[in-house]
Protein chains: 2
Amino acid sequence: MKSAFESHNHSACADAAMTRATNLAAARGLRLTPVRRRVLEILLERHRALGAYEVLERLAAEGLGKQPPVAYRALEFLVENGLAHRIQRLNAFTACQSVHEDGQAPAFLICRECQTVDELDAADLRDALSTRAGQAGFTVERATIEALGLCATCAGRA
Amino acid sequence: MKSAFESHNHSACADAAMTRATNLAAARGLRLTPVRRRVLEILLERHRALGAYEVLERLAAEGLGKQPPVAYRALEFLVENGLAHRIQRLNAFTACQSVHEDGQAPAFLICRECQTVDELDAADLRDALSTRAGQAGFTVERATIEALGLCATCAGRA
DNA sequence: AATAGGAATGTTATAGCATAACATGAAATC
DNA sequence: GATTTCATGTTATGCTATAACATTCCTATT
Ligand SMILES: [Zn+2]
Ligand SMILES: [Zn+2]
Ligand SMILES: [Zn+2]
Ligand SMILES: [Zn+2]
């Protein structure tokens with residue numbers, strides 16, 4: 001699997017993700033409505049996180065809704081079902097690029113130069129965090145792990 | 001060191017933090033002005049994160065400033081100098097309860113019930129994350145690690 | 001002590017992010 | 001085909017954050 005930072009056949013990326021989404025919807029009886037499907041497609045266009053209002057602009061241009069709740073509701077649906085992730089540092093959303101069986105979010109690598117966002121499996125990091133927290137009597141329910149930095153490509157240009 | 005979730009002599013906590021802040025200001029030639037000092041004191045009242053506008057309300061009540069930039073600037077100063085941290089999940093700020101030599105932020109444990117925020121040294125987690133990211137050619141500059149869950153006290157009540 | 005430069009604060013205005021609440025419409029269930 | 005449930009449309013508002021510029025307060029230098 002190529003990283004989001006490397007040049008790759010991105011149509012394959014996006015197609016695979018859409019297929020996963022369609023299958024998931026069928027399997028779980030979810031309704032992947034036109035708005036929801038379109039929002040996922042928009043997020044899948046690039047390995048970037050989009051703000052809700054950026055998504056909304058796109059929807060509005062296509063006549064799929066002009067008010068914030070339309071975008072927020074679709075994004076909420078996608079996030080709840082693991083088809084997209086919220087990037088806390090950016091107040092933005094990105095399409096899920098893999099599968100997270102346990103419903104736990106991965107870690108994110110965010111390039112401050114090209115804005116590309118990549119996922120990193122974080123099971124071990126989450127485990128370590130849970131263990132450490134547990135020693136303090138704390139039960140971790142959701143962990144946010146986000147790294148801001150420079151990808152290889154952007155580092156090379158500097 | 002007691003955790004923020006356990007009952008403890010919190011005045012000592014707050015006093016120690018203010019002393020550290022005063023010393024740091026002296027050592028680095030920082031200006032811990034009345035507004036900045038007061039904001040730190042407000043954050044130190046409890047192990048909770050406060051939104052900028054909550055801080056602002058307090059400042060306004062004391063005649064120390066009524067406009068958002070006053071609060072944001074003081075908070076920015078405190079965060080830049082490691083005296084406070086920003087909690088991304090909450091869009092809120094909390095006083096630093098320890099010392100982070102390398103200028104790297106710790107991990108945070110956030111109780112969803114009592115809103116208490118505690119720090120956890122995260123050097124090993126950050127190292128692991130950096131290593132994993134490095135394998136993908138990514139250089140981590142800043143890492144955000146936040147865990148939402150239940151503290152022992154609140155778990156006990158359920 | 002005067003003064004010039006820089007740092008902090010005051011102030012106005014606006015931009016950006018998010019949701020409550022209620023109305024309407026579509027689709028699954030019975 | 002009536003009922004219930006889920007999704008969308010719409011209005012309004014609240015919360016979070018910063019740009020831009022004026023003013024005041026320190027500090028260092030003369
Ligand atoms: Zn791709
Ligand atoms: Zn990059
Ligand atoms: Zn304390
Ligand atoms: Zn608690």
Side-chain angles (χ1 to χ4, degrees), chain A residues 21 24-40 42-43 48-81 83-94 110 115 144 146 148, chain B residues 21 24-26 28-43 48-81 83-94 115 144 146:
Chain A
L24 184 81
R28 297 218 289 233
L30 303 174
R31 292 170 57 186
L32 199 54
T33 62
V35 177
R36 291 167 175 177
R37 170 175 286 270
R38 191 69 193 112
V39 169
L40 182 54
I42 290 167
L43 291 182
R48 252 200 71 205
L50 292 188
Y53 280 74
E54 293 181 88
V55 170
L56 181 58
E57 270 181 33
R58 297 287 308 275
L59 291 179
E62 301 173 13
L64 278 173
K66 343 186 215 312
Q67 298 77 21
V70 174
Y72 278 101
R73 284 192 286 230
L75 289 165
E76 183 185 27
F77 169 88
L78 295 173
V79 170
E80 273 178 359
N81 291 285
L83 298 172
H85 302 291
R86 183 191 175 91
I87 307 297
Q88 301 284 352
R89 282 197 79 93
L90 304 177
N91 290 332
F93 303 84
T94 188
I110 307 161
Q115 275 80 52
T144 301
E146 296 175 358
L148 190 68
Chain B
L24 183 81
R28 298 218 288 233
L30 303 174
R31 291 169 59 185
L32 199 53
T33 63
V35 177
R36 292 167 175 178
R37 170 175 286 268
R38 191 69 193 112
V39 169
L40 182 53
E41 286 171 356
I42 289 168
L43 291 182
R48 253 202 70 205
L50 291 188
Y53 280 75
E54 292 181 88
V55 171
L56 182 58
E57 270 180 36
R58 297 287 307 275
L59 291 179
E62 301 172 14
L64 278 174
K66 341 188 217 312
Q67 297 78 20
V70 175
Y72 278 101
R73 286 193 284 229
L75 289 166
E76 182 185 28
F77 169 87
L78 294 174
V79 169
E80 273 177 359
N81 291 286
L83 298 172
H85 302 291
R86 183 191 177 94
I87 307 296
Q88 301 284 352
R89 281 195 80 92
L90 304 177
N91 290 331
F93 303 83
T94 189
Q115 276 79 53
T144 301
E146 296 175 359

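Letters A, B, ... are given to chains in the order of the sequence lines, protein chains preceding strands, and every chain is numbered from 1. Because only heavy atoms are used, hydrogens play no part in the values below, and waters and symmetry mates are left out as well, while side chains stay in.
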If you measure from [atom1] on [X] to [atom2] on [Y], what distance do you get to the nearest 0.5 Å?
X       : Y       : atom1 : atom2 : value
A:Glu76 : A:Asn81 : CD    : CG    : 10.0 Å
A:Leu50 : A:Ile42 : CG    : CD1   : 8.0 Å
A:Arg48 : A:Ile87 : CZ    : CD1   : 11.5 Å

| request: Give a yes/no verdict on base stacking between D:dT16 and B:Tyr53: centres under 5.5 Å, planes within less than 30° of parallel. | output: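 Yes.
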Could you state the atom-to-atom distance from [atom1] of [X] to [atom2] of [N] in whole Å?
X       : N      : atom1 : atom2 : result
B:Leu30 : D:dT27 : CG    : C1'   : 15 Å
B:Tyr72 : C:dT9  : OH    : C1'   : 17 Å
B:Arg73 : D:dT23 : CZ    : P     : 15 Å
A:Glu76 : D:dT8  : CD    : P     : 12 Å
B:Gln88 : C:dC17 : CD    : C1'   : 14 Å
B:Leu32 : C:dA7  : CG    : C1'   : 15 Å
A:Gln67 : C:dG25 : CD    : P     : 15 Å
A:Glu80 : D:dA7  : CD    : P     : 10 Å

| Heavy atoms under 4.0 Å, any strand shown: does B:Leu64 hit a base, just sugar-phosphate, or nothing? |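 Sugar-phosphate, no base atom in range.
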| field | Residue whose nearest DNA chain C nucleotide is more 5′ - B:Pro68 or B:Arg36 | value |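 Counting from the 5' end, the first nearest nucleotide belongs to B:Arg36.
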| query | 5'-most contact on DNA chain C: A:Gly51 or A:Pro69, nearest heavy atom basis? | reply |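 On the 5' side of the pair lies A:Gly51.
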| DNA chain D: 5'-proximal contact among B:Glu54 and A:Val35 (nearest heavy atom) |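 Checking each residue's closest nucleotide, the 5'-ward one belongs to A:Val35.
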| Quick one: side chain to side chain donor-acceptor pair (under 3.5 Å) partners of B:Arg58, sequence neighbours excluded? |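 B:Glu45.
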| Of B:Val39, B:Leu30, B:Thr33, which is the lone residue that meets side chain to side chain contact (heavy atoms under 4.5 Å, CB included) with B:Phe77? |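 Passing option: B:Leu30.
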| query | To the side chain of B:Thr33, which of D:dT10, D:dT16, C:dT9 is closest? | reply |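 For the B:Thr33 side chain, the nearest candidate turns out to be C:dT9.
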| task | Counting heavy atoms from C-beta on, name the nucleotide in C:dT11, D:dG9, C:dC17 closest to the side chain of B:Lys66. | result |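 Given the options C:dT11, D:dG9, C:dC17, the side chain of B:Lys66 is closest to C:dT11.
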| query | Would you say the side chain of B:Arg31 and the base of C:dG6 hold a donor-acceptor pair, judged only by whether the two atoms sit under 3.5 Å apart? | reply |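 Donor-acceptor pair under 3.5 Å: no.
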